[in-house]
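Letters A, B, ... mirror the listed sequences (proteins, then strands); counts begin at 1.
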Protein chains: 2
Amino acid sequence: MKAALDAKKTVREYKKKLIIEAAAKLFYEKGFQKTTLDDIASSLGVTKPFVYTYFNSKYSLLEELFDVVYSDLYQGVVGLLEAEEGSPSERLVAFTKVYLLKNIEQRSFTAILLEEEKNLSPEKIEAIRKTQKEFDNKLAALLRDGVRRGEFEVRDTAVASLAISGMVRWAHRWYSPAGRLSPEQLCDEMADLALKLAGAKCQSGVASAAPGKGGTATGRAAPRRRRAAAK
Amino acid sequence: MKAALDAKKTVREYKKKLIIEAAAKLFYEKGFQKTTLDDIASSLGVTKPFVYTYFNSKYSLLEELFDVVYSDLYQGVVGLLEAEEGSPSERLVAFTKVYLLKNIEQRSFTAILLEEEKNLSPEKIEAIRKTQKEFDNKLAALLRDGVRRGEFEVRDTAVASLAISGMVRWAHRWYSPAGRLSPEQLCDEMADLALKLAGAKCQSGVASAAPGKGGTATGRAAPRRRRAAAK
DNA sequence: CGAAAAACATACCATATAGTAGCCATTCCT
DNA sequence: AGGAATGGCTACTATATGGTATGTTTTTCG
């Protein structure tokens with residue numbers, strides 16, 4: 001009896017997830033306002049009232065979508081920022097790689113966070129901004145830690161942390177799976193840039209697993225392609 | 001007669017500009033779809049048909065808005081990228097400062113470019129993306145030039161240029177006129193970060209007009225505030 | 001096997017808003 | 001001053017879409 005109830009609940013959660021995913025796909029393609037509930041329903045092969053048995057309104061669907069995506073985006077990444085083990089350089093590299101990977105691999109989701117925020121209620125927007133600020137502060141704290149330990153050299157850690165956030169979160173606008181670099185290569189590259197931005201003393205050895213022939217590599221992108229060089 | 005016609009034309013252009021500005025303000029606050037033409041009209045103290053004597057449709061209004069804002073955003077900045085005079089470092093610093101300044105001082109406009117792009121026609125979106133790509137390429141070319149001349153040290157100039165773009169264009173999401181730093185200070189700071197990102201050999205002297213007591217300043221933001229430290 | 005309840009569809013309503021037709025006033029030229 | 005033309009407004013329509021009331025099918029359980 002209890003098991004049956006749980007199973008039902010699980011099914012319900014699963015269907016909810018399916019709806020959210022279908023909605024996200026459409027929101028990403030057409031935007032929230034231009035996506036109708038009929039669109040969402042028919043993309044799942046169901047009808048509008050079906051959606052309404054899971055969500056009270058179009059708005060609440062968007063709100064839950066934001067909750068899911070944000071919690072997934074921050075999941076684990078915040079841990080990397082706050083971790084006690086590892087040098088600041090290592091933590092910055094790990095953070096940048098994971099954060100960027102999430103941003104590009106799920107860019108249909110992360111893009112929505114940026115483009116549809118206006119459709120949320122003012123309270124929700126405020127809450128999100130507040131969380132975002134705390135997140136930024138954690139990154140700034142990591143940079144400060146690095147400076148204190150003499151690993152980094154940053155004049156204004158607040159600005160630097162926002163710069164790093166920016167270069168990562170901008171990626172969804174230009175990244176393409178068909179691009180020249182694999183996601184992992186891109187993440188390595190960006191992590192290296194984050195280190196340089198932080199003025200890390202011993203940068204390019206930390207970021208890439210294969211440190212080439214010692215020291216920093218100069219010149220254009222070397223012919224180290226792991227995937228077809230498209231475009 | 002001809003002069004009178006010109007005057008009329010000028011007035012018309014001016015009113016058009018006013019409409020676009022009013023629309024931009026509302027699009028920034030509420031988003032394109034949630035802003036009605038009645039909203040725009042009444043914010044100007046006129047009525048909807050007035051707007052329709054200047055624009056064929058709500059869509060064409062948005063399109064012209066994009067044209068105006070993009071041309072203003074790129075105005076001058078592209079020149080800095082392509083300039084023949086000046087070292088790559090100087091050009092990168094100048095570019096970053098001006099580009100960032102435009103992005104933050106007119107963030108209600110530049111934010112629209114990012115958040116309302118979906119509402120344009122596919123053709124228009126493609127055209128914008130193409131222009132954007134050319135722009136990115138110009139920045140990458142500047143970086144390559146710097147590498148060639150030995151001023152910069154960048155492994156992948158394409159990725160680095162996108163990182164710089166990102167850190168600049170992300171600013172509209174966190175910048176506040178009430179913030180700790182003045183726009184100029186912020187631009188100096190960011191320009192410095194761009195140099196570091198490019199691996200410039202002699203970075204911190206070029207960016208700031210007042211080079212402090214020689215060399216790079218470490219530690220947190222020094223007490224060099226020119227405006228009230230809010231928050 | 002039969003009844004009840006859950007799951008989902010059909011058909012509908014109310015509302016908001018892009019866009020328009022026709023009217024009034026103001027200005028400008030002769 | 002008178003008439004014409006421009007500029008702008010009042011009032012309307014058509015349509016799209018969020019949301020719902022009611023029906024129908026399927027499943028579940030005694």
Side-chain angles (χ1 to χ4, degrees), chain A residues 1-20 22-27 29-66 116 118-121 124, chain B residues 1-20 22-27 29-66 116 118-121 124:
Chain A
M1 169 90 185
K2 188 151 175 280
L5 242 176
D6 282 1
K8 236 174 220 179
K9 205 171 174 184
T10 306
V11 167
R12 211 183 143 77
E13 286 304 311
Y14 177 66
K15 290 189 179 175
K16 234 179 149 166
K17 200 181 149 197
L18 285 183
I19 295 173
I20 288 182
K25 186 170 187 293
L26 290 166
F27 292 167
E29 288 165 4
K30 307 171 46 171
F32 175 72
Q33 297 280 355
K34 287 179 92 171
T35 301
T36 71
L37 282 165
D38 283 321
D39 288 338
I40 298 170
S42 71
S43 88
L44 286 165
V46 294
T47 55
K48 193 160 51 172
F50 172 85
V51 177
Y52 274 93
T53 60
Y54 291 87
F55 298 94
N56 297 324
S57 66
K58 192 184 177 189
Y59 173 78
S60 74
L61 171 54
L62 182 69
E63 216 172 43
E64 289 206 36
L65 171 60
F66 264 74
E116 308 297 346
K118 271 196 193 57
N119 295 300
L120 296 173
S121 68
K124 190 81 184 171
Chain B
M1 172 87 184
K2 187 151 177 280
L5 243 174
D6 282 1
K8 236 173 220 178
K9 206 171 173 183
T10 306
V11 167
R12 213 186 141 76
E13 285 305 311
Y14 177 66
K15 291 189 179 174
K16 234 179 149 168
K17 200 181 148 197
L18 286 182
I19 295 173
I20 289 182
K25 187 170 186 292
L26 290 166
F27 292 167
E29 289 165 4
K30 306 168 49 170
F32 175 72
Q33 297 280 356
K34 287 179 91 171
T35 301
T36 71
L37 282 166
D38 283 321
D39 288 338
I40 298 170
S42 72
S43 87
L44 286 165
V46 294
T47 55
K48 191 162 52 173
F50 172 85
V51 176
Y52 273 93
T53 60
Y54 291 86
F55 298 93
N56 296 326
S57 66
K58 191 184 177 188
Y59 173 77
S60 75
L61 170 55
L62 182 69
E63 217 173 43
E64 289 206 36
L65 172 60
F66 263 74
E116 307 299 345
K118 270 195 193 59
N119 295 301
L120 296 174
S121 68
K124 190 82 184 170

In terms of heavy-atom contacts, does NZ of A:Lys25 have more than 12 from other residues, nucleotides or ligands at under 6.0 Å? no
Is the phosphate of D:dG8, meaning OP1 or OP2, less than 4.0 Å from a side-chain N or O of B:Lys15? yes
Write out a two-atom table: protein N or O, nucleotide N or O from nucleotides 20-27 of chain D, distance below 3.5 Å.
none

When rounded to whole Å, the CD to P distance for the pair A:Gln33 and C:dA16 reads 14 Å
Please report, rounded to the nearest Å, how far the C1' atom of D:dG18 is from the NZ atom of A:Lys34. 18 Å
Between NZ of A:Lys58 and P of D:dA16 the distance, given in whole Å, is 15 Å
Under 4.5 Å between any side-chain heavy atoms of B:Ser121 and B:Glu63, yes or no? yes
How many Å lie between CG on B:Asp39 and C1' on C:dA18, as a whole number? 13 Å
To the nearest angstrom, the CG-P distance between B:Leu44 and D:dG8 comes to 11 Å
Whole-Å distance separating the CZ atom of B:Phe32 from the C1' atom of C:dA18: 10 Å
So do A:Phe32 and A:Lys118 actually touch side chain to side chain, heavy atoms under 4.5 Å? no
On DNA chain D, compare the nucleotides closest to A:Thr35 and B:Gly45; which residue's is nearer the 5' end? B:Gly45
Separation of C:dA18 atom C1' from B:Phe55 atom CZ, nearest Å, is 16 Å
Apply salt bridge (charged side-chain N to carboxylate O under 4.0 Å, His left out) to residues B:Glu64 and B:Lys16 and explain how you reach the verdict. CA-CA 10 Å; B:Glu64 289 206 36; B:Lys16 234 179 149 168; 3.2 Å; yes
Of all heavy-atom pairs between B:Lys34 and B:Asp39, which one has the smallest distance, and what is that distance? O-OD2, 3.9 Å
Counting heavy atoms from C-beta on, name the nucleotide in D:dG19, C:dA9, C:dT17 closest to the side chain of A:Ser57. D:dG19
For residues B:Tyr59 and B:Phe55, establish whether the separation of their ring centroids is below 6.0 Å. no
Value in whole Å for how far the C1' atom of D:dT17 lies from CG of A:Leu37: 9 Å
Taking OP1 and OP2 of D:dG8, is either one under 4.0 Å from a side-chain nitrogen or oxygen of B:Tyr54? yes
Does A:Lys17 NZ have over 12 foreign heavy atoms under 6.0 Å away? no
